[in-house]
Number of protein chains: 2
Amino acid sequence: MAGVSIASASRVLNGHGASVETERRVREAAASVGYVPNAVARSLQAQRTDMLALAVEDIGNPVYVAMMRAIEEVAAGAGYRLQVHATGADVAGEVELLDGLARRYVDGLVISPIRITDAHLAALARVPTPVVVVGSLPDDMPTTKPIDNVRADSHTGVGLAIDHLVAGGRRRIGFVNGPLDTVPGAARQAGYLDALDAAGLPFDPELVEPADFHYAAGRAATRRLLDRAEPDAILCANDLIAVGALHALLAAGKRVGEEVALVGMDDTDLAEMSFPQLSSVSLGSAERGRLAAELLLARLAEPGRPAQRVTVAPTLVVRASSDTAAKQENP
Amino acid sequence: MAGVSIASASRVLNGHGASVETERRVREAAASVGYVPNAVARSLQAQRTDMLALAVEDIGNPVYVAMMRAIEEVAAGAGYRLQVHATGADVAGEVELLDGLARRYVDGLVISPIRITDAHLAALARVPTPVVVVGSLPDDMPTTKPIDNVRADSHTGVGLAIDHLVAGGRRRIGFVNGPLDTVPGAARQAGYLDALDAAGLPFDPELVEPADFHYAAGRAATRRLLDRAEPDAILCANDLIAVGALHALLAAGKRVGEEVALVGMDDTDLAEMSFPQLSSVSLGSAERGRLAAELLLARLAEPGRPAQRVTVAPTLVVRASSDTAAKQENP
DNA sequence: GTGTGAGCCGGAAACGTTTACAGCGCACTG
DNA sequence: CAGTGCGCTGTAAACGTTTCCGGCTCACAC
């Protein structure tokens, strides 16, 4: 240290007012010795870490990648760093993570659990740090602790897809869903049933086949579906499943987009990159990430604000895999 | 606090030996008041944060996603958390990040810069924290500061692809590369030239077309290539470009795998999911991530160890887009 | 000449831990 | 019974900052 108190040094380094002479001496000393302030000590004193966390099942899933990218962008823009956790959809692990927030190593968390259990709700109720949940929280959340919530609207999204297919003349619409005990799986199943009903189509259990939310499972499930039924369209609960379905259909010699229309969900990069290009219902993953991050920052800025619940509207992106108009023009 | 000194409390909570009576009282008090140790204070005292960082150009790029996933896995397994940074390939930003490590908010960094400049090397030389670089560091690194380095072998990888294509009877092998001023772009260009040479094929500048490492650029570049030449095979510098090329080829009415063979690089999930499935040279992105994380942990454990340089061997994964045997069997 | 306020400064406390050190009691040994 | 050593405990320092508070100097106004 060269000639001045610690307090003064701190003041000039944070621009809190010092005489020009003091400022010069501190800056010179700092530069000569290569001083860099210690972030951990600063965090301890400031009671904030300038870090956010994201917890999702699989940080390699395109949906979560899109979400993560959006979150990282708004976090970095606001001077926060982002920490990622792959939970593997393990409930105990997710609860442990939530309880771990009490250690205060991050300022806030965005979590997108694929299942939301009572254990999750209990952990959320006692969490000392802002958390925003991406995915549907029950309506009767205890209002004591405000938990912000951003949702996709799978139900409406499935409706968009079914309406589009029906408008294209499709009547036997298959559905390859993810596990029914997951939040998105359950919502999409309900959406499928309701949309069929609204369109006046009968529900045929032969036409629905469960899978996991992955490529291989989607491919296998579609193969099973084709073995026992003749759908003229297939809706898939996500794009990975849809690409699997695409392969199964092509392998079975089906002309996709003509004989069988195909629609995925999430509108990931995959949809544009597959061939034929895949129609897909965008549930706004990037948008949800962006909103989640913004809600988190807003709560950090104003802890007392009322809990927000925002849901992003789905949109249908029509491409060749279900583009009936193109089919009619170019048979 | 219930009846015992802070030191004793710390000791029982860390299992450092205390009488059963003290232990009972501390645990009871902790449970009753819901005590959770503060990670920041612990970090300040321990001089470690139990956190690693990963910095890549774009955390959405499938190559980096695979890398990140592997790193997160080994980090989490060793009790470390992972922080991610999207650098946008901005040199100033990357240097700033490196210099920021002096703030000690992470214990170590894995960085994969797409270009490695003198500014990078200078920053690496003064960095106070372990860093492992994924990508090729120059051979004459100053040995004072040991920087671990894991590399792909693009040069050999390109050779594998060319040899495979030549073995399949291809003679006019196009090449859609990424920017030549990037580390991978330069290496792949050199590999292409050397492999042609080794195979006794002439170099025809008409057959090579630069692009960016992305889908749309790959598609556009391939279109340009097809407009002026008639390749019987195309090698692409990564899978995103290759999928773009695939679309351009299909749109031009080419039978991919027969008329024109197509090979990508990186062997991302995309390769398996495109149709026809894409042959691709695996450069081991997940493996490189895993190794990088392990090197980092090893250096954290033993800071003085000599700098390691490991390179992972490429492998060629042949699929339908270049499977000449299949073509000959099923003309 | 005295009082007042502004500007700057240093001392010290605080953030929440871990750990070196010394002291204490006790059992065991010779 | 004295000596030795062990197991446990509390005190206090340390990690590296920021900030509160009181004191000093100085200019200015009355």
Side-chain angles (χ1 to χ4, degrees), chain A residues 1-51 79-81 99-108 127-130 300 303, chain B residues 1-51 79-81 99-108 127-130 300 303:
Chain A
M1 183 86 54
V4 83
S5 82
I6 299 185
S8 294
S10 172
R11 275 187 288 255
V12 348
L13 265 13
N14 294 304
H16 281 335
S19 72
V20 300
E21 170 62 8
T22 312
E23 165 132 15
R24 187 188 60 76
R25 289 165 67 177
V26 170
R27 293 218 181 278
E28 266 176 20
S32 86
V33 76
Y35 170 81
V36 178
N38 180 300
V40 176
R42 196 198 289 257
S43 287
L44 179 60
Q45 143 74 30
Q47 302 285 73
R48 56 198 304 246
T49 60
D50 292 319
M51 186 147 51
Y80 284 83
R81 296 182 292 270
D99 284 337
L101 293 178
R103 310 179 97 88
R104 304 278 177 177
Y105 56 89
V106 294
D107 292 344
V127 104
T129 274
L300 253 14
Chain B
M1 180 88 54
V4 83
S5 83
I6 299 185
S8 295
S10 173
R11 276 187 286 254
V12 348
L13 265 14
N14 295 306
H16 280 334
S19 72
V20 300
E21 170 62 7
T22 311
E23 166 131 15
R24 189 187 59 76
R25 289 164 68 175
V26 169
R27 293 217 182 278
E28 266 176 21
S32 86
V33 76
Y35 171 82
V36 178
N38 181 300
V40 176
R42 193 197 291 257
S43 287
L44 179 60
Q45 143 73 31
Q47 301 287 72
R48 57 198 304 243
T49 60
D50 292 318
M51 184 148 53
Y80 284 83
R81 296 182 292 272
D99 284 336
L101 293 178
R103 310 178 95 89
R104 304 278 178 174
Y105 56 90
V106 294
D107 293 343
V127 105
T129 274
L300 253 14

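Remember, it's a predicted structure, so these values are computed and weren't measured experimentally. Within every chain, numbering begins at 1; the chains are lettered A, B, ... in the order of the sequence lines, protein sequences first and strands thereafter.
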Query raised in the report: Would you say Thr129(A) and Arg104(A) make side-chain contact, with heavy atoms under 4.5 Å?
Result: yes
With 3.5 Å as the limit, what N/O pairs link the protein to nucleotides 10-16 of chain C?
residue, atom, partner, partner atom, Å
dG10(C), OP2, Ser5(A), N, 3.1
dG10(C), OP2, Ser5(A), OG, 3.1
dG10(C), OP2, Ser8(A), OG, 2.7
dG10(C), N7, Arg11(A), NH2, 2.8
dG10(C), O6, Arg11(A), NH1, 3.1
dG10(C), O6, Arg11(A), NH2, 3.4

Query raised in the report: With a 4.5 Å heavy-atom cut-off, do Arg81(B) and Tyr105(A) have their side chains touching?
Result: yes
Requested in this report: Grab the CZ-C1' distance between Arg48(A) and dT18(D) for me, whole Å please.
Outcome: 13 Å
Requested in this report: Check the distance between dT17(C)'s P and Arg103(A)'s CZ and give it to me in whole angstrom.
Outcome: 10 Å
Query raised in the report: When we call it a touch if two heavy atoms are under 4.0 Å apart, what does Ser10(B) touch: a base, just sugar-phosphate, or nothing?
Result: base
**Report entry** d(CZ, Arg104(B); P, dT17(D)) in whole Å
**Finding:** 11 Å
Query raised in the report: Has His16(A) got a side-chain N or O lying under 4.0 Å from the OP1 or OP2 atom of dT19(D)?
Result: yes
Requested in this report: To the nearest 0.5 angstrom, please state how far the CD atom of Gln45(A) sits from the CG atom of Leu44(B).
Outcome: 11.0 Å
Report task. Would you check, one step at a time, whether the test side chain to side chain contact (heavy atoms under 4.5 Å, CB included) holds for Val40(B) with Arg103(A)? Result -> CA-CA 8 Å; Val40(B) 176; Arg103(A) 310 179 97 88; over 6 Å; no
Query raised in the report: Among all residues two or more places apart in sequence or in another chain, which pass the side chain to side chain contact (heavy atoms under 4.5 Å, CB included) test with Arg48(A)?
Result: Ala46(A), Asp50(A), Tyr80(A), Asp107(A)
Query raised in the report: Which value, rounded to the nearest 0.5 Å, describes the distance between Arg24(A) atom CZ and Ser19(A) atom OG?
Result: 10.0 Å
